[in-house]
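Okay, structure first, notes after.
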Amino acid sequence: MTRFTAMLGAATLMISTMMVAESALAPRGFAQGRPHPLQPSSPRLDRLVRAPGMIEGTLTRVDGRTESVDVSIFLGLLGKTLEVVPDTLIQVNGREARFADLQEGAKVKAFYEERGAKLVATRLEVSTG
């Protein structure tokens, strides 16, 4: 057996092992083309609610008029504007807080979800020191 044949056999074994593992871990019915039960079944719903996200950075703007915040990363060049709603859980230095307690310049870990064209904050973990 040549070295090339041995390497080819090892690569084939790795690929087939990965394919078996992937099919074993896939949800039942997923491989047959049926949607996963937790996925929205309507394209209309799919546009309204998308997967949750997370951004970690600095609060560069806290707007009390629109109750929204800007979270910036990479020297303020990149970021997201998040709408803060009554159900948004806000914590400052590990303690429950209110929108009025948010301060520009604080570090934040923000969890959000897409609702239509808006990004809605579900949780803001802020540290001021």
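The minimum heavy-atom distance linking R61 with S68 is given by the pair NH2-OG, 3.3 Å. Here the closest heavy-atom approach between residue G57 and residue V71 is recorded as N-CG1, 4.0 Å. In this structure, V126 and A106 approach most closely via the heavy-atom pair CG1-CB, 3.5 Å. I55 approaches G79 most closely through the heavy-atom pair CD1-CA, 4.1 Å. Annotation for R98 and I90: closest pair C-CD1, 3.9 Å, computed over non-hydrogen atoms.
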Before you tell me yes or no, could you show the steps for T58 and T60 under side chain to side chain donor-acceptor pair (under 3.5 Å), namely the whole-Å CA-CA distance, both residues' side-chain angles and the distance that decides it to 0.1 Å?
CA-CA 6 Å; T58 304; T60 53; over 6 Å; no
Check step by step if side chain to side chain donor-acceptor pair (under 3.5 Å) holds for D70 and T81.
CA-CA 4 Å; D70 284 353; T81 298; 2.6 Å; yes
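With hydrogens and angles disregarded, a donor-acceptor distance shorter than 3.5 Å links the side chain of N93 to the backbone of T128. Between the side chain of E104 and the main chain of V62, a donor-acceptor pair closer than 3.5 Å is present.
Rounding to the nearest 0.5 Å places CG of L124 at 6.5 Å from OG1 of T88. If you take NZ on K109 and CZ on R123, they are separated by 7.5 Å, rounding to the nearest 0.5 Å. Once rounded to the nearest 0.5 Å, the distance linking CE of M54 with OG1 of T122 reads 11.0 Å. The structure places CD of E67 at 13.5 Å from CG of L82, a figure rounded to the nearest 0.5 Å.
By the side-chain contact (heavy atoms from CB on, under 4.5 Å) test, Q103 pairs with no residue at all, sequence neighbours left out.
The hydrophobic clustering, which links ILVMFWY residues whose side-chain heavy atoms are closer than 4.5 Å, places L102 and V85 apart. Under a hydrophobic-cluster definition in which Ile, Leu, Val, Met, Phe, Trp and Tyr are linked whenever side-chain heavy atoms come within less than 4.5 Å, directly or via other members, I73 and F111 are assigned to different clusters. In the hydrophobic clustering of ILVMFWY residues, with side-chain heavy atoms under 4.5 Å counting as a link, L119 and F99 come out together.
V84 is listed as a side-chain neighbour of V69, based on a closest heavy-atom distance under 4.5 Å.
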